[in-house]
Each structure stands twice: as C-alpha cells, then as structure tokens.
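In what follows, a structure is listed as structure tokens, so that the remarks can point back to it.
Because only heavy atoms are used, hydrogens play no part in the values below, and waters and symmetry mates are left out as well, while side chains stay in. In what follows, chains are A, B, ... by sequence order, proteins preceding strands, each numbered from 1.
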Amino acid sequence: MSSEKIIALVDCNSFYCSCERVFNPSLEGKPVIVLSNNDGCAIARTDEAKAIGIKMGAPFFKIKDVIKKHNIHVFSSNYTLYGDMSRRVMEILREYTPELEIYSIDEAFLDLTGFKKRDLIQYSQDIRQRVLKLTGIPVSIGLGPTKVLAKVANRLLKKDKIKNQGVFSVLDPLVCEQALNTFPIEDIWGISRKSTQKLHDLRIYTARQLRDANETLIQKKLTVVGARIMQELKAVSCLDLEQVQQDKKNICSSRSFGRPVFAKEELQEAIANHVHTATEKLRRQKSIARSILIFIQTNPFKNIPQYYNSTTIELPSWTSVTTKLIHQAFYGLDSIYKSGFEYKKCGIILNDIIPKSESQLDFFGSPSITGAVRTFVILG
DNA sequence: TCTGGGGTCCTAGGACCC
DNA sequence: TCTGGGGTCCTAGGACCC
C-alpha cells in the first residue's frame with residue numbers, strides 16, 4: 001500500500017489564451033482564441049470561446065462569421081511569449097518538488113509521493129494560488145496514483161463534471177472507481193481515434209470496462225502501449241516520470257506558406273531558414289547530426305495537381321554547421337523539386353543525432369564516432 | 001551446397017501526444 | 001483565397017550474420 005505513488009498533473013488552462021490575458025486583463029471573462037502559424041486555424045480557446053462552439057483546430061476562414069458575431073478576440077500565436085511564461089510556471093512548480101517532468105509547454109507531472117502525510121488537496125491549492133499570483137496563469141491539478149489516472153482526474157476538472165475547484169483527486173479507490181465508470185475511453189491519455197474504434201468493436205466504451213478487460217486481448221489489439229494503459233488504470237504505475245530532458249533524436253522544422261509558392265528559389269529560402277532553426281536547436285543540446293531529410297508538398301486540401309516528395313541525404317561526417325547542412329539540403333531539394341506545382345509546405349528533419357562529446361576529431365578536423373572503425377588515407 | 005533457426009540492426013510507417 | 005508544427009514510441013519486415 002505504502003509503495004503507491006502520488007502523481008499530480010498540473011495543466012495550464014487554455015494556456016496560450018491565458019498568456020494573452022496576462023498582458024491584456026480586460027480580456028478576462030471574454031471569449032479569446034489563438035491561431036496557428038499563418039493564422040490557419042484555432043489552436044487555443046478560452047472556456048467562453050468553447051461555449052460558443054469554436055472547435056480545436058477549426059480553420060479560421062470557416063469561423064470568421066461566428067467570431068464577428070460573438071465578438072471573439074483573436075490573436076496570432078506568439079511562441080516566444082508562451083515559452084517564456086511556461087519557463088516561469090515550471091520554475092514555480094519546481095519549488096514544490098524536485099521530482100518533476102515537464103511534459104509539454106503547458107503541462108507537468110509532479111511526484112508528490114513524499115508529501116503523503118500532508119493534505120494533498122490543500123497542497124495542490126497552494127500550488128495553484130502561487131502560480132496564479134506570480135504569473136497570472138490559472139492551472140488545474142489532477143491527483144492520482146499513476147500518470148494515466150492523474151490525467152483522468154485532470155480531465156474531469158476540465159469537463160466541469162465536478163464543480164470548478166481547480167483540484168481533483170482519484171487517489172481514493174472508490175472515487176476512482178466511480179470516475180472510471182462513466183469515463184469514455186476516447187478521453188483516456190494514449191487512446192485516440194483508431195484505438196477507440198478497435199475497443200468499440202470489442203464493446204468496450206468506458207475506462208472501467210477497459211481496466212477490467214482481458215489483458216491478452218487488449219495487448220493483441222493495442223500492443224504493449226494499450227497493456228500499459230490498462231495497468232495504469234488499475235493503479236499499477238508503469239509509466240515513469242522522465243525528469244531529465246532527453247536529447248532530441250531528431251529535430252524537425254517545417255511550415256506552411258501563407259501564399260502559393262512555385263519557384264525553387266523561394267523553396268530554397270524557406271529550406272535555408274528551416275536548417276537554420278533546426279541547427280540552432282541541435283547546437284543548443286550540444287549535438288551533431290549526420291543525416292538530413294528534405295520534403296516539399298502541395299496543398300492536399302486544394303483541388304489542384306498534387307505532388308509530395310522527400311529525400312534523405314547522408315553526410316560523410318557529423319556536423320552542426322548550418323552552412324554545411326544548407327548546402328546538402330539544397331542538393332536534396334534539387335533532386336526532388338519539380339516546376340509547375342503550387343507548393344504549400346516544406347521542411348527538414350535532422351536525423352542520426354549524437355552528442356558532440358561522443359565524437360572526436362579525426363585527422364581532417366571533422367568529427368568521427370569514438371570506437372568506430374576508420375580507415376585513414378595519408379595524402380601526399 | 002542445402003536447410004533451418006535465431007539474433008541484431010535498420011528503416012518505414014502507423015499511432016498518438018500537445 | 002483560407003485547414004499547425006514538432007515530437008515520441010512501437011511494430012513489421014528486410015538484410016545480414018552465425
């Protein structure tokens with residue numbers, strides 16, 4: 001019993017919108033949405049905007065009328081601001097426990113097992129109040145014995161099934177049982193559309209039914225991923241907190257164009273920018289890469305001739321030098337570019353990434369991996 | 001040469017997350 | 001006219017080796 005963990009999921013409410021409200025308090029109580037890059041679609045909504053019926057990912061052009069009618073306040077996304085606010089929130093959370101996993105820009109798992117003897121609801125309320133006071137960001141906190149159950153608790157808060165107190169706990173087995181009874185499987189963390197359909201085929205509709213289902217059957221249908229979720233629903237923790245930020249194994253930069261693009265020169269400019277962005281991230285984690293994938297594509301939503309292609313370039317050695325990678329990326333672009341198409345999006349992915357410290361300089365000044373077999377040709 | 005089993009590594013693609 | 005961007009994990013299947 002005492003080995004049971006206590007996990008809190010702290011989630012910032014309508015995070016991007018809340019950030020905008022911090023700098024514009026008159027928006028309090030009013031409907032607000034934040035749009036994706038190029039103002040393509042809605043990616044954050046306040047409760048007021050949700051109540052009006054704005055759906056996650058709704059294309060801007062389709063909701064323009066509703067926005068006007070209900071006087072919804074609209075913002076283009078400002079990721080520099082959101083990243084900044086996120087760091088401040090996470091720093092405060094870290095004051096409450098060193099065991100913390102920053103799961104996304106607006107969510108963190110906290111291991112509160114060591115605070116068992118305290119009133120955990122009160123402790124969580126303290127966290128909420130302090131974050132709100134120091135950053136202006138409202139957060140919701142779900143408590144459970146596993147990550148999946150903490151997510152369940154948090155989800156119930158958002159759904160307003162429980163009156164909006166900002167903290168909900170399913171640590172009590174009876175409360176948990178009740179919560180799972182009516183909790184739809186599609187709302188479980190890790191169960192999305194495809195898996196939901198497979199489970200519906202098995203006549204499994206609620207979290208409770210999934211928890212009590214035949215394990216072999218679930219593993220067969222949903223692989224080990226599903227089996228793990230089952231365990232977590234049973235309050236058996238099998239997803240650990242990942243406290244140290246792992247180095248990225250691949251780094252991607254891509255974006256849609258705000259307008260039609262035909263010319264190779266324009267694609268080159270965009271690709272160069274993407275390489276620049278990605279190599280900056282690469283250097284920040286003190287890594288080097290040896291493989292770069294370049295892709296270009298037309299707009300699949302448009303009824304025009306479609307083209308998608310990608311190519312991977314393997315470099316002779318690992319590098320984090322922007323110009324070297326841009327050179328290779330252009331070479332790759334040359335090989336896949338076809339004129340006459342209206343391009344909508346392009347991007348690059350850096351692969352085969354290793355820490356710079358794992359490499360050493362070979363005779364010619366370019367890194368080679370330690371321990372790898374190399375043949376040296378002495379010139380002259 | 002033929003036959004078979006088993007292990008490892010790699011890659012592409014599916015599924016899922018926020 | 002107009003539909004995000006950046007990730008992770010897992011599996012299946014092929015290549016290769018012993």
Side-chain angles (χ1 to χ4, degrees), chain A residues 9-16 33-45 54-65 67 74 76-79 82-83 86 101-109 147-148 151 154-155 158 185-199 219-229 238-240 242 245-261 270 273-274 277-278 280-282 285 290-291 293 295 297-304 310-312 314 342 344-353:
Chain A
L9 174 67
V10 181
D11 180 304
C12 302
N13 301 345
S14 313
F15 183 54
Y16 298 168
I33 63 171
V34 171
L35 301 174
S36 62
N37 281 298
N38 298 322
D39 296 341
C41 59
I43 53 170
R45 310 153 295 152
I54 304 293
K55 299 266 179 276
M56 182 67 174
F60 184 44
F61 73 93
K62 280 190 183 170
I63 53 175
K64 263 186 176 160
D65 292 346
I67 288 170
V74 182
S76 298
S77 40
N78 179 349
Y79 290 104
Y82 309 150
S86 173
E101 173 188 341
I102 297 171
Y103 175 66
S104 73
I105 193 161
D106 67 340
E107 279 180 54
F109 288 103
K147 285 170 117 179
V148 168
K151 272 272 192 183
N154 191 281
R155 180 84 181 199
K158 300 265 153 125
I185 46 165
E186 60 266 38
D187 288 350
I188 299 171
W189 185 45
I191 305 285
S192 191
R193 244 189 23 251
K194 291 273 165 128
S195 300
T196 298
Q197 192 49 57
K198 286 180 194 165
L199 291 172
Q219 168 132 11
K220 201 174 136 203
K221 293 280 178 185
L222 304 186
T223 76
V224 293
V225 179
R228 281 204 280 257
I229 291 170
C238 49
L239 299 173
D240 289 332
E242 283 159 37
Q245 190 76 45
Q246 297 292 316
D247 281 348
K248 305 262 180 273
K249 291 161 191 159
N250 44 63
I251 294 172
C252 173
S253 176
S254 72
R255 192 141 301 179
S256 301
F257 297 112
R259 54 193 165 71
V261 164
N273 280 327
H274 289 313
T277 307
E280 246 176 20
K281 286 188 194 170
L282 183 69
Q285 70 170 42
R290 202 176 56 167
S291 166
L293 180 149
F295 71 89
Q297 69 180 77
T298 50
N299 187 348
F301 293 102
K302 246 177 152 178
N303 190 19
I304 50 171
S310 71
T311 183
T312 294
E314 307 287 345
E342 181 185 322
K344 173 66 182 170
K345 185 177 180 179
C346 71
I348 66 115
I349 303 172
L350 300 179
N351 286 307
D352 195 354
I353 291 173

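- The shortest side-chain heavy-atom distance between A:K302 and A:K344 does not fall under the 4.5 Å cut-off.
- Here the C1' atom of nucleotide C:dG4 and the OH atom of A:Y79 are 6 Å apart, to the nearest Å.
- At the heavy-atom level, A:S77 lies nowhere under 4.0 Å from the strands shown.
- Aromatic ring pairs are classed by plane angle as parallel below 30°, tilted from 30° to 60° and perpendicular above 60°; the pair A:Y103 and A:W189 is perpendicular.
- Taking every side-chain heavy atom of A:W189 into account, B:dC18 is the closest of C:dC9, C:dG4, B:dC18.
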Tabulate atom names and distances for all N/O pairs under 3.5 angstrom spanning the protein and nucleotides 12-14 of chain B.
none

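- Under 4.0 angstrom from either OP1 or OP2 of C:dG4 there lies no side-chain N or O belonging to A:S254.
- For A:R259 and C:dC2, the shortest distance from a side-chain N or O to OP1 or OP2 is not below 4.0 Å.
- The side chain to side chain donor-acceptor pair (under 3.5 Å) test applied to A:S36 returns no partner, not counting sequence neighbours.
- As a whole-Å value, the separation of A:F257 CZ from C:dT3 P is 13 Å.
- Taking atom CG of A:L282 as the reference point, atom P of C:dG7 lies 11 Å away to the nearest angstrom.
- Note: NZ (A:K248) to P (C:dG5) measures 18 Å, nearest angstrom.
- Residue A:K345 places no side-chain N or O under 4.0 Å from the OP1 or OP2 atom of C:dG4.
- Of the candidates C:dG4, B:dC17, C:dG5, B:dC17 carries the atom nearest the A:S192 side chain, counting heavy atoms from C-beta on.
- Residues A:Q285 and A:I353 are in side-chain contact: their nearest non-hydrogen atoms beyond the backbone lie under 4.5 Å apart.
- Rounded to a whole Å, the CD1 atom of A:I251 is 15 Å from the C1' atom of C:dG5.
- Here the side chain of A:N37 is nearest to one of C:dG5, C:dT8, C:dC10, namely C:dG5.
- A:I349 comes within 4.0 angstrom of no nucleic acid atom, judged by non-hydrogen atoms across all strands.
- Ion pair A:E107/A:K151 flagged as a salt bridge, since at least one NZ, NE, NH1 or NH2 atom sits closer than 4.0 Å to an Asp/Glu carboxylate oxygen.
- Side-chain proximity of A:F61 to C:dG5, B:dC18, C:dT3: nearest is C:dT3.
- Between C:dT3, B:dC18, C:dC10, one nucleotide has an atom nearer to the side chain of A:N299 than all others, and that is C:dT3.
- The side chain of A:S36 places no N or O atom within less than 4.0 Å of a non-bridging phosphate oxygen (OP1 or OP2) of C:dT3.
- Taking atom CG of A:N273 as the reference point, atom C1' of C:dG6 lies 17 Å away to the nearest angstrom.
- Straight-line distance between the P atoms of C:dT3 and B:dC17: roughly 25 Å, to the nearest whole Å.
- Consecutive Watson-Crick or G-U pairing (both distances under 3.5 Å) extending over three or more pairs maps onto DNA chain C as B:5-18 with C:5-18.
- Residues passing the side chain to side chain donor-acceptor pair (under 3.5 Å) test with A:Q219, sequence neighbours excluded: none.
- Scored by the side chain to side chain contact (heavy atoms under 4.5 Å, CB included) test, A:F61 finds A:P59 as partners (sequence neighbours excluded).
- A:I348 comes within contact range of no nucleotide atom at all, as no heavy-atom separation falls under 4.0 Å.
- Comparing atom distances between the A:N250 side chain and each of C:dT3, C:dG7, C:dT1 picks out C:dG7 as nearest.
- A:F295 and A:S254 make their closest contact through CZ-CB, 3.6 Å (heavy atoms, listed as atom of the first residue, atom of the second, distance).
- Protein atom CD of A:Q285 is 9 Å distant from nucleotide atom P of C:dG7, rounded to whole Å.
- In the set C:dC2, C:dG5, C:dT11, C:dC2 carries the atom at the smallest distance from any side-chain atom of A:K302.
- For B:dC18, one of the phosphate oxygens OP1 or OP2 lies less than 4.0 angstrom from a side-chain nitrogen or oxygen of A:K151.
- Looking at the side chain of A:S195, the nearest of the listed nucleotides C:dG5, B:dA15, C:dT1 is B:dA15.
- Picking from B:dC18, C:dT11, C:dT8 the nucleotide with the shortest atom distance to the side chain of A:D106 gives B:dC18.
- Residue A:F60 is classed as having no contact, given no heavy-atom separation below 4.0 Å to the nucleic acid.
- Residues A:Y82 and A:D106 have side chains not in contact (no heavy-atom distance under 4.5 Å, counting atoms from C-beta outward).
- Comparing A:S253 and A:E342 against DNA chain C, the residue whose closest nucleotide sits nearer the 5' end is A:E342.
- Residues A:I63 and A:I33 meet the side-chain proximity criterion, which asks for heavy atoms closer than 4.5 Å.
- Using modelled atom types, one side-chain atom of A:N38 and one backbone atom of A:S256 make a donor-acceptor pair closer than 3.5 Å.
- Going from atom NZ of A:K249 over to atom C1' of B:dT11 covers 16 Å, rounded to whole Å.
- No contact: A:Q246 has no heavy atom under 4.0 Å from any strand.
- Considering only the side chain of A:N38, C:dG5 comes nearest among C:dG7, C:dG5, C:dT3.
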Using a 3.5 Å cut-off and no angle test, enumerate the donor-acceptor pairs between side-chain atoms of residues 191-199 of chain A and protein atoms at least two apart in sequence or in another chain.
residue: A:T196; atom: OG1; partner: A:S192; partner atom: O; Å: 2.8
residue: A:Q197; atom: NE2; partner: A:D201; partner atom: OD1; Å: 3.1

